[in-house]
Visitor: 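To start, I am sharing the structure in question, which I have written as structure tokens.
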Amino acid sequence: MLKTDFYEQPTNELAKALLGKELVRWVDKVELVGRVVEVEAYHQDGDEAAHSFNGKTQRNGVMFLSPGHLYVYLSYGMHCCMNVVAEPEGIGAAVLIRALEPLKGLEYMAAVRSKAKHPRDYANGPGKACQAFAISRRDNGLKLETKSLFLRDAPLKRTDIILQSPRIGISKAIHLPWRYYLAGNPHVSASKWNASGSVIA
DNA sequence: ACTGCGATGTCCT
DNA sequence: GGACATCGCAGTT
């Protein structure tokens, strides 16, 4: 289980480090496991797209807790998005988990993501990932060191290449290339954007 | 495969 | 009252 020292690093570093890690979720005595394949970094300082840009509010308070907390918010009135708090306590930065590659618990996900025709559609988007892994606003503020919800270390595959691109679905600060994802992975969201990224070291 | 658009709750001005 | 870190459906190529 990854601990606070892993999460307490600069937001972009944490974003990249999260790729390939495994999210473990227990729900109804079923184990769900997903590999992180797409993330976006949201900073506090100078990032107009971040919820924390204008400081701490009732909604974004969790972003200012210590690193490794889970920030869950409601998007467009009907979908949840999950973020991992980065940086030291009090900064207000987080990494959005945009897509997961389902590894375990596929039957459960097929049930809760009944609209999905193919496993690739279970968690290839921030709202879908929350649905598939049964993450809701009840989980807002949890620390990712809970028996039923945590991240586990896992190595990138030898062939994995990290790409970066502008973030998706926002209207502010669209020039900042703070989306990171695994090249060619079929579980990444919005596949039409996948070719637009550039390779990073 | 790609495009446009409606649903819908909460936050903040 | 406007904006929103989305999704899924309908219609078109």
Side-chain angles (χ1 to χ4, degrees), chain A residues 7 11-12 14-16 18-19 23 34 36-65 67 69-87 91-102 109-141 144 163-182 184-197:
Chain A
Y7 298 105
T11 316
N12 285 288
L14 177 62
K16 286 178 269 185
L18 283 170
L19 291 173
L23 179 71
V36 180
V37 297
E38 180 183 0
V39 297
E40 287 177 359
Y42 286 86
H43 290 232
Q44 197 282 325
D45 187 27
D47 182 0
E48 292 177 282
H51 285 177
S52 54
F53 180 67
N54 288 312
K56 191 170 168 181
T57 65
Q58 185 161 26
R59 175 174 65 159
N60 68 22
V62 169
M63 290 182 80
F64 294 82
L65 297 179
H69 276 90
L70 191 71
Y71 171 46
V72 182
Y73 67 89
L74 189 63
S75 178
Y76 289 93
M78 55 183 74
H79 303 290
C80 290
C81 295
M82 61 175 135
N83 302 251
V84 180
V85 176
E87 309 269 359
I91 297 294
V95 177
L96 170 68
I97 307 291
R98 278 196 63 88
L100 294 158
E101 175 181 347
M109 296 181 203
V112 295
R113 296 272 311 122
S114 54
K115 305 280 171 59
K117 296 258 191 279
H118 188 279
R120 109 177 4 117
D121 297 318
Y122 290 167
N124 62 342
K128 299 176 194 175
C130 284
Q131 271 184 248
F133 285 78
I135 307 281
S136 71
R137 278 174 298 164
R138 286 196 314 280
D139 304 303
N140 187 35
L144 285 170
L163 299 185
Q164 69 174 17
S165 80
R167 296 170 291 183
I168 290 179
I170 59 173
S171 54
K172 297 171 185 167
I174 55 175
H175 58 287
L176 296 172
W178 289 344
R179 169 177 177 249
Y180 302 96
Y181 59 104
L182 297 182
N185 189 294
H187 299 87
V188 168
S189 73
S191 56
K192 65 174 176 174
W193 298 101
N194 287 0
S196 69

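Residue numbers start from 1 in every chain, and the chains themselves are labelled A, B, ... in the order their sequence lines are given, proteins ahead of strands.
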Visitor: Could you list the protein-to-nucleotides 11-13 of chain B atom pairs, N/O on both sides, closer than 3.5 Å?
Guide:
unit_1: dC12(B); atom_1: OP1; unit_2: T57(A); atom_2: OG1; d: 2.3

Visitor: When Watson-Crick pairs (N1 to N3 and N6-O4 or O6-N4) and G-U wobble pairs (N1-O2 and O6-N3) count only below 3.5 Å on both distances, what is the dot-bracket string of DNA chain B, with | for other-strand pairs?
Guide: |||||||.||||.
Visitor: Please list, pair by pair, any protein nitrogen or oxygen found under 3.5 Å from a nitrogen or oxygen in nucleotides 4-8 of chain B.
Guide:
unit_1: dT8(B); atom_1: O2; unit_2: Y76(A); atom_2: O; d: 2.5

Visitor: For A15(A), which residues count as a side chain to side chain contact (heavy atoms under 4.5 Å, CB included) partner, sequence neighbours excluded?
Guide: V39(A), A41(A), V95(A), Y180(A)
Visitor: Please list, in numerical order, the residues of residues 129-136 of chain A that have a heavy atom closer than 4.0 Å to any atom of DNA chain C.
Guide: none
Visitor: For Y73(A), what residues pass the ring pair (Phe, Tyr, Trp, His ring centres under 6.0 Å) criterion, not counting sequence neighbours?
Guide: H51(A), Y71(A)
Visitor: Return the set of residues passing side chain to side chain contact (heavy atoms under 4.5 Å, CB included) with P177(A) (not counting sequence neighbours), or none when no residue passes.
Guide: Q164(A)
Visitor: Collect all protein-nucleotide pairs involving nucleotides 11-13 of chain C in which both atoms are nitrogen or oxygen and the distance is under 3.5 Å.
Guide:
none

Visitor: Pairs in or reaching into residues 114-126 of chain A: which pass salt bridge (Lys or Arg N to Asp or Glu O under 4.0 Å), with residues at least two apart or in two chains?
Guide: none
Visitor: Using salt bridge (Lys or Arg N to Asp or Glu O under 4.0 Å) as the criterion, list what pairs up with E40(A), not counting sequence neighbours.
Guide: R98(A)
Visitor: Quick one: list whatever passes ring pair (Phe, Tyr, Trp, His ring centres under 6.0 Å) with H43(A), sequence neighbours left out.
Guide: W178(A)
Visitor: Please enumerate all residues that pass side chain to side chain contact (heavy atoms under 4.5 Å, CB included) together with A123(A), with sequence neighbours excluded.
Guide: L100(A), A129(A), A132(A), F133(A)
